[in-house]
Amino acid sequence: MSYKTKSSLSSVLKLRILVGFLGERSQFGWWPTSFYEASGRLFLEPIFSKSQGLAQYHGVTEAARRLHDEHLSVGTYHLFRLPEEIEQDLHDLMQEDGDALSPATLYGDAENALSVLESMSGAMPKAGVGPVSTGNIADLNDHLGDLAAVYSASFKSNTQSFPYLVR
């Protein structure tokens, strides 16, 4: 599968971090966390002194996973619940490059992050409210643009969409 290259995994990880950042309370408020804010980092620092970036990533991922799971059927995959082997590879990649993948470093603010998300969108605009089918999990990397398009349209229209993939 194409997602097993580091470049492919990096694309998945960047999209996950970008959507995770935009979904936090200070941006679009899809989940009630603020792990990527300065106060979140300060909160985690005493507990995870050497792995704050990884703790922020897992906190946001879990909050996003819960919300998506509430709206999608069991057995589907989404940006925050992927097959276990991909999840493990993403964790490993985050451990290696975690500090370089901070939303504050990569995107700065919500407006710039939304612009980056829009630039990642596929050529065919894709949108919807609620669950939106985007394809097969075996072709995850081919559908990253679709996932970005659905999230981008959703954030811009102030609605919630949950793009998903099937096996």
Side-chain angles (χ1 to χ4, degrees), residues 1-27 30-72 74-108 110 112-114 116-117 119-122 134-152 162-167:
M1 292 186 218
S2 61
Y3 57 79
K4 290 195 174 190
T5 66
K6 186 171 181 175
S7 174
S8 298
L9 280 170
S10 181
S11 296
V12 173
L13 185 59
K14 286 178 181 173
L15 181 59
R16 177 183 276 188
I17 290 170
L18 179 56
V19 173
F21 171 70
L22 287 170
E24 283 210 300
R25 182 176 38 208
S26 295
Q27 283 63 250
W30 284 23
W31 32 91
T33 61
S34 54
F35 287 106
Y36 284 135
E37 290 180 28
S39 61
R41 192 166 184 88
L42 289 172
F43 173 76
L44 295 170
E45 188 176 330
I47 304 164
F48 301 99
S49 61
K50 295 182 179 176
S51 58
Q52 292 169 17
L54 192 60
Q56 290 173 306
Y57 164 78
H58 281 292
V60 169
T61 298
E62 184 58 30
R65 180 176 297 141
R66 287 181 184 192
L67 181 70
H68 282 71
D69 286 349
E70 288 174 8
H71 291 85
L72 297 173
V74 173
T76 58
Y77 294 98
H78 52 79
L79 185 59
F80 299 96
R81 179 178 301 286
L82 297 170
E84 188 57 34
E85 64 212 24
I86 299 174
E87 290 290 348
Q88 187 59 49
D89 290 343
L90 290 173
H91 173 83
D92 293 345
L93 186 59
M94 191 63 201
Q95 274 187 312
E96 291 174 19
D97 301 335
D99 289 338
L101 296 171
S102 163
T105 304
L106 293 174
Y107 315 115
N112 191 43
L114 193 55
V116 171
L117 182 61
S119 72
M120 295 171 75
S121 299
T134 54
N136 192 302
I137 190 68
D139 305 318
L140 174 60
N141 263 41
D142 295 338
H143 298 295
L144 289 180
D146 295 336
L147 295 173
V150 171
Y151 284 118
S152 176
F162 305 97
Y164 66 93
L165 302 140
V166 295
R167 187 170 293 257

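These numbers were taken from a predicted model, which means no experiment stands behind them. Only heavy atoms go into these numbers, but all of them, side chains included; no hydrogens, no water, no symmetry mates. One-based numbering along the sequence shown.
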Do [X] and [Y] touch side chain to side chain, with heavy atoms closer than 4.5 Å?
X    : Y    : value
Q56  : L44  : yes
R16  : M94  : no
V19  : L15  : yes
L79  : L165 : no
W30  : L67  : yes
M120 : S152 : no

Nearest 0.5 Å, please: how far is [atom2] in [Y] from [atom1] in [X]?
X    : Y    : atom1 : atom2 : result
N112 : L117 : CG    : CG    : 11.5 Å
L140 : D146 : CG    : CG    : 11.0 Å
T61  : W31  : OG1   : CH2   : 9.0 Å
R25  : Y36  : CZ    : OH    : 15.0 Å
L114 : L18  : CG    : CG    : 8.5 Å
T134 : H78  : OG1   : NE2   : 11.5 Å

Residues which pass ring pair (Phe, Tyr, Trp, His ring centres under 6.0 Å) with Y164, listed by chain and number, not counting sequence neighbours: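 Ring pair (Phe, Tyr, Trp, His ring centres under 6.0 Å) check on Y164 returns nothing, list empty.
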Under the ring pair (Phe, Tyr, Trp, His ring centres under 6.0 Å) test, residues paired with H143 that sit two or more places apart: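 With sequence neighbours excluded, H143 shows a ring pair (Phe, Tyr, Trp, His ring centres under 6.0 Å) to no residue whatsoever.
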R66/E62 salt bridge by N-O under 4.0 Å criterion: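 Salt bridge present between E62 and R66.
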Aromatic ring pairing H68/F162, orientation class (parallel under 30°, perpendicular over 60°, tilted between):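 Ring orientation, 0 to 90° scale: perpendicular.
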Whether R81 side chain and R65 backbone form a donor-acceptor pair below 3.5 Å: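 No, the answer is negative, given that no donor and acceptor are paired below the 3.5 Å cut-off.
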S11 (side chain) donor-acceptor with S7 (main chain) under 3.5 angstrom: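 A pair under 3.5 Å: yes.
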Minimum heavy-atom distance between A113 and L22, given as atom pair plus value: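 Closest approach of A113 to L22: CB-CD2, 3.7 Å.
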Shortest non-hydrogen separation from S119 to V116 and the atoms involved: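 Taking S119 first and V116 second, the nearest heavy atoms are OG-O, 2.6 Å.
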Pairs where residues 48-67 contributes a residue and the test ring pair (Phe, Tyr, Trp, His ring centres under 6.0 Å) is met, not counting sequence neighbours: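 Listed by first then second residue: H58-H91.
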Verdict with reasoning, T33 to E24, per side chain to side chain donor-acceptor pair (under 3.5 Å): CA-CA 5 Å; T33 61; E24 283 210 300; 2.7 Å; yes
Passing option when V12 is tested against L93, I17, L82 for side chain to side chain contact (heavy atoms under 4.5 Å, CB included):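 Answer after filtering L93, I17, L82: L82.
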